[in-house]
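These notes concern the structure reproduced below.
Heavy atoms only: backbone and side chains are in, while hydrogens, waters and symmetry mates are out. A note on names: the letters A, B, ... follow the listed sequences, proteins ahead of strands, and every chain is numbered from 1.
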Amino acid sequence: PGDSSALREAVAVAQHHDAVSGTERQHVADDYARQLAKGWDSCQVLVANALSLLGGTKEPLVFCNALNISVCPLSETSAQFTVILYNPLAWGVAWPVRLPVRGTSYAVTDPQGRPVASQVSRDSPKPPVPTEPPCPPCEPLTCPPQVVPVSGVTRWLRGGAGGAPGELLFQAWAPPLGFSTFGVKQLSLGAPWDPPRWPSG
Amino acid sequence: DPEPQIQNEHLRVLFDPITGHLREIQNLAKGFSLPVFQSFYWYNASTGDALCPQASGAYIFRPNASTPIPVAKRVATRLLKTALVQELHQNFSAWCSQVLRLRPGQPYLELEWTVGPIPVSDGLGKEVISRFETPLRTAGRFYTDSNGRQVLERRRDYRPTWNLNQSEPVAGNYYPVNTRIFIRDQKVQLTVLTDRSQGGSSILDGSLELMVSWGQRGGTPREGTPVTSPCPLQVHRRLLNDDNRGVAEPLDEPGDDGQGLVVRGRHLVLLDTAATAADQHRPQAQEMVTSPYVVLAPGPGPHLRQVSREGLGGHLRQVSREGSPGS
């Protein structure tokens, strides 16, 4: 069962002026965070149930809460997965999707099942500032998906060693107050990645 | 690269080939450009002085000098250009980096900054800011939102409802920024949207600065009161003294590994004419606050691939009619 009341209560508690502004002791701040995190968990089950019902799928839906540091076990380990973009805004959006992956070549299909052409962007063995030949700007909805290297800082944030070396980029879109579903399929493992190199020093 | 730059159909962004800093933003659609220098600095936190024993702490923001210290004068960079994104990676120091991104169709420049763990082994509390400097003649005026809605004009060293005797040249001019801050002259406006509440100001004409911070957007941040004495709204600061305002411990969150917090966030920079700037920053700020998000599922995916509001409504009615207990 999904439930949004735990999150509602946690946000209500966090209306305290010390919670909003962070002027509380460390253990109090930690407790606010704990309450909010517990509220998130049960609320995500509610959202997942709704999307499953409306999307007609029995598959377990996964929220990757650490995408901002390129961590998402599902996209890093699955050769085929689905991306549902939910849009809470009152207008349609084109939205850049960026997912950590291990492969180097992927096929993405849009909600109508049409393929979106795929292109791999790899490190070229040039001097310290590797730049691709400038690509012609393309219309947002016709750009092919791409895999680009994860930045050094992000890898360091994830504790360095582990984690996917690349990120899959593609331009998604969703209608107002609605969602769109995109299919992603890994085409080939490709050669191992050579991590981006910072100039020495 | 003698002229490092990134571009899409809306903007061209130039970088200094020597120092690696942002140098100029060109609005291609409207045919004008603005020199913009951006970098990271830190204010040295006061521990109390002859003038006043007040230290900087969880509650109080009080730097011990008006001039912040630059994190780096030269920046190591990496340029990545593909059809889907053009980005420049900047490395200011071991604890401060940033990625500037342009994507097709995107009418703003995205700055994704990563700050921390802030080094304090030198015994100095540090309050980190991102500062944008331009030649705009702003006459001491800048604009910050109040709780994400009404935008209020701020004037340096001035209060609209009483005669201010300014005692804090920096902290006395900081205001809460919940979604946006901007500066403008008669023609041009530079707007910065934030992804969380931060402290912001315009200490020098033509400049604006934001204290890098962390924290959720939830709750109802304080009405537009100055941050001189009350708290500077969850800024990313690392302080070694308590400010004697009731918390009784310094603001020094250890983080998971005890080294101190690392914070990553986003600033969206919009360059537009002053007359039409709101057309962009209003919907864009809303997209920052209630962003679309992705949910994943293993395997090939459901048959129903796209649903809009009408569809959602229809389905909900259909689901509830068919006996599911949904209210």
Study note, to complete from the structure: If one checks every heavy atom of T290(B) against chain A at 4.5 Å, the contacting part turns out to be both
Check your understanding: Where on P4(B) is there a heavy atom nearer than 4.5 Å to chain A: the side chain, the backbone, both, or neither?
Key -> neither
Exercise for review: Specify whether Y293(B) and F63(A) have parallel, tilted or perpendicular ring planes, treating 30° as the upper limit for parallel and 60° as the lower limit for perpendicular.
Suggested key: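 Rings of Y293(B) and F63(A): tilted, 30 to 60°.
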Check your understanding: Going through the distances and angles, do D31(A) and R34(A) end up as a salt bridge (Lys or Arg N to Asp or Glu O under 4.0 Å)?
Key -> CA-CA 5 Å; D31(A) 189 51; R34(A) 180 187 61 79; 2.6 Å; yes
Review point. Under a 4.0 Å N-O cut-off, is there an ion pair linking R98(A) with E112(B)?
Key: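 Salt bridge between R98(A) and E112(B), a charged N being under 4.0 Å from a carboxylate O: no.
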Exercise for review: Could you give me the CA-CA distance, side-chain angles and deciding distance for W173(A) and F182(A), then say whether ring pair (Phe, Tyr, Trp, His ring centres under 6.0 Å) is met?
Suggested key: CA-CA 9 Å; W173(A) 62 87; F182(A) 294 80; 5.1 Å; yes
**Study point:** Part of V47(A) within contact of chain B (heavy atom distance under 4.5 Å)
**Key:** side chain
**Study point:** Contact origin within V93(A) toward chain B - heavy atom pairs under 4.5 Å
**Key:** side chain
Review point. Who among L99(A), L67(A), V62(A) has the most heavy-atom pairs with chain B under 4.5 Å?
Key: V62(A)
Point to revise | Leading residue by heavy atom contact count with chain B [cutoff under 4.5 Å; candidates P60(A), A12(A), S78(A)] | key: P60(A)
**Study point:** Donor + acceptor pair across side chains of Q26(A), E253(B) (<3.5 Å)
**Key:** yes
Point to revise | side chain to side chain contact (heavy atoms under 4.5 Å, CB included) evaluation trace for V212(B) with F40(B) | key: CA-CA 9 Å; V212(B) 168; F40(B) 289 90; 4.0 Å; yes
Check your understanding: So which of Q286(B), R103(B), E287(B) has the biggest tally of heavy-atom pairs under 4.5 Å with chain A?
Key ->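 Ranked by heavy-atom pairs under 4.5 Å with chain A, first place is E287(B).
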